[in-house]
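I have placed the structure first, in the form of structure tokens, so that the comments after it can refer back to it.
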Number of protein chains: 2
Amino acid sequence: MVKINEVAAAAGVSISTVSYALSGKRPISPATRRRIEEAVRTLGYSPNAGARMLAGSRTQIFALTEPLRRDTHAPTHMAFVLATAVAARRSDYDILLLTDEDAKAGMSRVAANGLVDAILVLDVAPDDERVVLARAISTPTIFIGVPDDSDGLVCVDLDFAAAAALAVDRLADAGHTSLGLVGQPDVSYAKSNFPPRVRSAFEATAERRGLQAAFGTTGTKRTSRTATRRTVSQLLDAGATAFVLHCTEEAHAVVLAELAERGLNVPGDVSVVSVGASFDTGALATPVDSIPLVPEASCDLAVSLAIRSLGDDRPEPGLRLIPPTYESHGSVASVHRAPEPGPATDSDIHREEAVH
Amino acid sequence: MVKINEVAAAAGVSISTVSYALSGKRPISPATRRRIEEAVRTLGYSPNAGARMLAGSRTQIFALTEPLRRDTHAPTHMAFVLATAVAARRSDYDILLLTDEDAKAGMSRVAANGLVDAILVLDVAPDDERVVLARAISTPTIFIGVPDDSDGLVCVDLDFAAAAALAVDRLADAGHTSLGLVGQPDVSYAKSNFPPRVRSAFEATAERRGLQAAFGTTGTKRTSRTATRRTVSQLLDAGATAFVLHCTEEAHAVVLAELAERGLNVPGDVSVVSVGASFDTGALATPVDSIPLVPEASCDLAVSLAIRSLGDDRPEPGLRLIPPTYESHGSVASVHRAPEPGPATDSDIHREEAVH
DNA sequence: TTGAAAGCGCTACCAG
DNA sequence: CTGGTAGCGCTTTCAA
């Protein structure tokens, strides 16, 4: 492994000059800079990571903690890991994986031994145990996701509540008066932080707009075809003319297939909007309007906050909620014929039932 | 961050004694050892990672390179990453993620700057570009998967060929004379290293045993329900009375559903064996015999080889193929009635058709 | 069984 | 604009 003194010798300068040329922390004459860069290239020099850490107290490594529970949706998770890694590399950072059985052990360790400059927290649970730990350590920590108690933390996420509200508003504007939400498997409402946010915003906005709102999940522990089908039919029975989907790609496909089988046309008979999907809903059998969850958006922001945490303008603690965007794919249509007013009672209007 | 001299002071010994007590590289009297451990605990000492790297030239970090192509099957991939991380932590190693757009860049970098002690290569392609690089760098590199040209490399993998052969043999022993292989999406046969190994061993063993063998994939770029269904019916049309499955969990479910819909009973009418699955085939609607791919097996071995590479008994280059194991779940039955010998010609016997 | 001290390769301060 | 050099915190000889 070639070291800095060899580069210095090859370029005919001192090692401090090489160091400064590489870090850009002080002006170097174009001539010497060129000679140094030349030497670096021909010798294939790359500064020793350990020495750098020790001397500079910057490791150029971020830890990424991910509990990897059994019910984690692998594709989405992978998209976040990838997006984080790419964003980090853009700023010359590497990612150290912390998949500890006991998430706290890994975080404490890297916080204590100075292996990483900051910690990024993925797959945040409502009552995440990493929250208390983050407050205790001095290593800057950024949450990608919002725990119940986010006091004093720096958190980044899609504004799921606004996304759900946006979906409901669009459908309401199109004249729909009865909506159905096809949600995640039951377990996600306890273990993850965002499904509940979607659900309550869905219900609250529907209530505000005076719409009927029904809710159903796509399984117990994981997405199941039969549970999804059952939910679709129950939501239809409840009178839904529009669906909000907050579920896996497979569940999207099942919902669309189920509607097609019943001869229901999208958007002719039923309108559909997807919320928080991180795959391309335009590529489904029936393209579906989407208010997507964009991993790159959250992860880029998280990385830039992590980097800022190391400098002077440390970011204020608080939530950074990314505003939702609406992608049209033609799956929402206005309701033209007046809705047949059945013998609806007041209590029906605000009904919201869990279907499992 | 508390440092070694503080521990030494607290324990009333020299810093070298602390260092040796922690590394166990020389005998320490029980009394001093106790005092040191005590001090370490109360002070919460953890040796500075950078200093350790610099002085000891051991980083306690392994790089894990994973190209993360679009067609990567996320759940399987995640299982391997997790298994690697867990195995590494057991030996006090952390995992640095290398998801570079350009895999080679990351590997060269960590090899040049000494950030990692060894590199683990995941998701190996037949003509993987990381192969040439691995030969060029001095950082020990372990492949989890087998590239076409594995000369001089240390590779670990399930013996997919033996697994496929075992499946065919079991079915042949049960009296089946016509087998169908439900494989991966087409693209995997070019981009991945193991699907071709399964397919060719399947065909070769069938030929050796004098069986008919037909082959079909589960999609073009990714697993699709319709493609899988079509393959099932084409294999049945080809006369298959037994299926070997080498596909995703979803595809397994589709195959079983398709058989059930046709009133075909498993194992009464059709026998089924799964090869290379890393999920629980016993938990499917119809439990299926399995010759599983166990991520832990490959990853544990890979990690132990990586560690050995750092010591004196460096492992010889070469393939370490893990022998397959057979898990019964009752999905294979003997064929009792003699097979009706249709007007089979010689060319039919060895027919093998790709169904897409 | 224990200590003292020489580096590991780099960053960043102090000089010039 | 450029050099010299003192550490960074640890591991590991060399001595006792």
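So you know, we letter chains A, B, ... as the sequences are listed, proteins then strands, and number each from 1.
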Options C/dG3, D/dC10, C/dT11, nucleotide nearest the side-chain atoms of A/Ala55: C/dT11
Run A/Arg90 and A/Asp300 through salt bridge (Lys or Arg N to Asp or Glu O under 4.0 Å) and show every step you take. CA-CA 10 Å; A/Arg90 257 205 305 277; A/Asp300 287 3; 3.0 Å; yes
Give a yes/no answer on whether the side chain of A/Ser19 brings an N or O atom under 4.0 Å of OP1 or OP2 in C/dT11. yes
Using a heavy-atom cut-off of under 4.0 Å over every strand shown, decide if A/Ser23 touches base, sugar-phosphate, or nothing. nothing
With side chain to side chain contact (heavy atoms under 4.5 Å, CB included) as the test, pick out the partner of A/Arg35 among A/Thr17, A/Val7, A/Val13. A/Val13
Partner of A/Ile119 under side chain to side chain contact (heavy atoms under 4.5 Å, CB included), chosen from A/Leu133, A/Ile142, A/Val110, A/Leu64: A/Val110
Starting at the 5' end of DNA chain D and moving along, which residue's nearest nucleotide shows up first, A/Ile28 or A/Ile15? A/Ile28
Of the nucleotides D/dC10, C/dT2, D/dC1, which has the atom closest to the A/Ser29 side chain? D/dC1
Measuring to OP1 and OP2 of D/dT11, would you say a side-chain N or O of B/Arg58 lies under 4.0 angstrom away? no
B/Met1 CE to D/dC8 C1', in whole Å, measures 10 Å
Is there a donor and acceptor pair closer than 3.5 Å between the side chain of A/Arg26 and the base of D/dG3? yes
Rounding to an integer number of Å, can you tell me how far B/Arg52 CZ sits from D/dT12 P? 10 Å
First encountered from the 5' end of DNA chain C, between B/Ala51 and B/Pro30: B/Pro30
Using only heavy-atom distances, decide whether a donor-acceptor pair under 3.5 angstrom links the side-chain of A/Tyr20 to the base of C/dC10. no
Sorted by number, residues from residues 110-118 of chain A placing a heavy atom under 4.0 Å from DNA chain C are none
Candidate nucleotides C/dT1, C/dC8, D/dC1, ranked by approach to the side chain of B/Thr32 - the nearest: C/dT1
Under 4.0 Å between a side-chain nitrogen and a carboxylate oxygen: does that hold for A/Glu37 and A/Arg33? yes
N-O pairing of B/Arg58 and B/Asp92 below 4.0 Å: no
Atom-to-atom span, CG of A/Asn5 to C1' of D/dG3 - whole angstrom: 15 Å
Heavy-atom closest pair (A/Pro67 atom, A/Asp123 atom, distance to 0.1 Å) is CD-CB, 3.7 Å
Are the side chain of A/Arg314 and the backbone N or O of A/Ser309 linked by a donor-acceptor pair below 3.5 Å? yes
Distance test, side-chain N/O of B/Lys25 to OP1/OP2 of D/dT12, below 4.0 Å: yes
Is the distance from OP1 or OP2 of C/dG3 to the nearest side-chain N or O of B/Ser14 less than 4.0 Å? yes
Taking atom types as they are modelled, would you say the side chain of A/Ser16 forms a donor-acceptor pair with the base of D/dG3 within the 3.5 Å cutoff? yes
